[in-house]
Visitor: 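Have a look at this one.
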Amino acid sequence: MSTTVTAEQYLARSIQLATANVLNSGGPFGAMIVTADGRTFDGVNRVTADNDPTAHAEVTAIRTACRELGTFDLTGAVLYTSCEPCPMCLASALWARVQRVVFAADRHDAASVGFDDAVFYEYFENQDRDSLMPVAKLGLDDPQAPTPLEPFNTWNTLESRIDY
Ligand SMILES: Nc1nc2[nH]cnc2c(=O)[nH]1
C-alpha cells in the first residue's frame with residue numbers, strides 16, 4: 001500500500017533539514033524538490049561552509065535534483081522550503097520551470113535574525129535601487145569592439161542549440 005506524503009510533511013522535513021544544518025556549520029535554511037512522480041531531493045544552505053553566496057538551500061536542492069535527474073528542466077516539480085525564497089532562489093526556480101513553491105517562515109522572520117532577504121526584495125521594488133548596487137547598461141564606443149548582439153546572433157543561427 002502506498003502512503004501519500006502531504007505538503008505539510010514535506011515542509012516539516014524542510015524545517016528539520018534547516019535546523020540540522022545549523023548544527024552542521026550551515027545556515028538555518030532547508031529545502032526539498034519533489035518531482036511530479038514523487039522523487040525527492042534535499043538541499044541545505046552551505047553559503048559560509050562552502051564560501052558560495054549562491055549556495056542557498058533552494059538553489060542547492062534544485063542543483064541536486066537537476067544533476068541526479070540529468071536535466072535542467074524540473075517542470076511539474078514543487079519546491080518546499082523552510083523559509084520564503086529570496087529573489088535569487090525564486091529566479092532559480094523559475095529558470096528550472098518549477099511548478100509551485102511552498103514555504104514556512106517568511107522574509108521578515110529571516111530579517112529578525114539578520115538575513116537580508118527582505119532588503120533584497122525591496123531592491124527589486126525600489127526605483128532608487130542604485131544606492132545598494134548600481135546596475136548599468138554600457139555602450140561600447142570602440143569600433144573594434146564586438147557588438148553586444150554578437151553572442152545572440154551566433155546562438156540564433158546555431159542549429160544544434162538547446163533552447164531553455
Ligand atoms: N530562503 C532562503 N533565504 C536565505 N537567506 C540567506 N540564505 C538563505 C537561504 O538559503 N534560503
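When a ligand or atom number is given, it counts from 1 through the structure's own listing order.
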Visitor: Taking ILVMFWY side chains as joined if any heavy atoms are under 4.5 angstrom apart, and letting links pass through other members, which residues group with Val119?
Guide: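 Traced through the cluster, Val119 reaches Phe120, Tyr123, Phe124, Leu132, Met133, Val135.
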
Visitor: Taking atom CG of Asp142 as the centre, report whether more than 12 heavy atoms of other residues, nucleotides or ligands fall under 6.0 Å from it.
Guide: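 Counting neighbours around CG of Asp142, more than 12 heavy atoms of other residues, nucleotides or ligands fall under 6.0 Å, so yes.
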
Visitor: Would you say Ala110 touches ligand 1, if touching means a heavy atom closer than 4.0 Å?
Guide: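 No, Ala110 has no heavy atoms under 4.0 Å from ligand 1.
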
Visitor: Heavy-atom contacts with Glu84 under 4.0 Å: which atoms of ligand 1 show up? List them by number with element.
Guide: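 Close to Glu84: 1 (N).
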
Visitor: Considering the heavy atoms of Phe115, write down every atom of ligand 1 situated less than 4.0 Å from one of them.
Guide: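 With Phe115 as reference, the close atoms of ligand 1 come out as 6 (C).
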
Visitor: Let me confirm one number: the OG1-CZ distance from Thr154 to Arg161, rounded to the nearest 0.5 Å.
Guide: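 Thr154 atom OG1 to Arg161 atom CZ measures 11.5 Å (nearest 0.5 Å).
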
Visitor: For ligand 1, which is the ligand I care about here, please tell me if Thr81 has any N or O atom under 3.5 Å from one of the ligand's N or O atoms.
Guide: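 No - when backbone and side-chain N and O of Thr81 are compared with those of ligand 1, no distance drops under 3.5 Å.
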
Visitor: Is it the case that more than 12 heavy atoms not belonging to Glu8 sit under 6.0 Å from its CD atom?
Guide: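 No.
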
Visitor: Indicate the ring-plane relationship of His56 and Phe29, choosing parallel, tilted or perpendicular according to the 30° and 60° boundaries.
Guide: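 The rings of His56 and Phe29 lie parallel, inter-plane angle below 30°.
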
Visitor: Can you tell me the protein heavy atom closest to atom 3 (N) of ligand 1 and the distance?
Guide: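 Going atom by atom, the protein heavy atom closest to atom 3 (N) of ligand 1 ends up being Asp117 OD2, 2.6 Å.
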
Visitor: Closer than 4.0 angstrom: is that true for some heavy atom of Gly27 and an atom of ligand 1?
Guide: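 Distance cut 4.0 Å: Gly27 fails for ligand 1.
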
Visitor: Please write down residue, atom name and distance for the protein heavy atom closest to atom 9 (C) of ligand 1.
Guide: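 In this structure, atom 9 (C) of ligand 1 has Phe29 CG, 3.2 Å as its nearest protein heavy atom.
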
Visitor: Can you tell whether the side chains of Arg39 and Asp37 come within less than 4.0 Å, N to carboxylate O?
Guide: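 Between Asp37 and Arg39 there is no salt bridge, as every charged N stays at least 4.0 Å from the carboxylate O atoms.
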
Visitor: Ignoring hydrogens and angles, tell me if any N or O in the side chain of Asp73 forms a donor-acceptor pair with the backbone of Thr75 under 3.5 Å.
Guide: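 Such a contact is found between Asp73 side chain and Thr75 backbone.
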
Visitor: Does this structure show an ion pair linking Asp50 with Arg63, if we count only N-O contacts that are shorter than 4.0 Å?
Guide: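 No, no charged N to carboxylate O under 4.0 Å.
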
Visitor: Give the atoms of ligand 1, by number and element, whose distance to some non-hydrogen atom of Pro85 is under 4.0 Å.
Guide: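 Atoms satisfying the 4.0 Å criterion: 1 (N).
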
Visitor: Under a 4.0 Å heavy-atom limit, does Glu58 contact ligand 1 with its side chain, its backbone, both, or neither?
Guide: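 Side chain only; the backbone of Glu58 stays clear of ligand 1.
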
Visitor: Report the nearest protein non-hydrogen atom to atom 7 (N) of ligand 1: residue, atom name, distance rounded to 0.1 Å.
Guide: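 That would be Asn45 ND2, 3.1 Å.
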
Visitor: Among His56, Met88, Arg107, which residue places a heavy atom closest to atom 6 (C) of ligand 1?
Guide: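 Residue with the shortest heavy-atom distance to the ligand atom: His56.
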
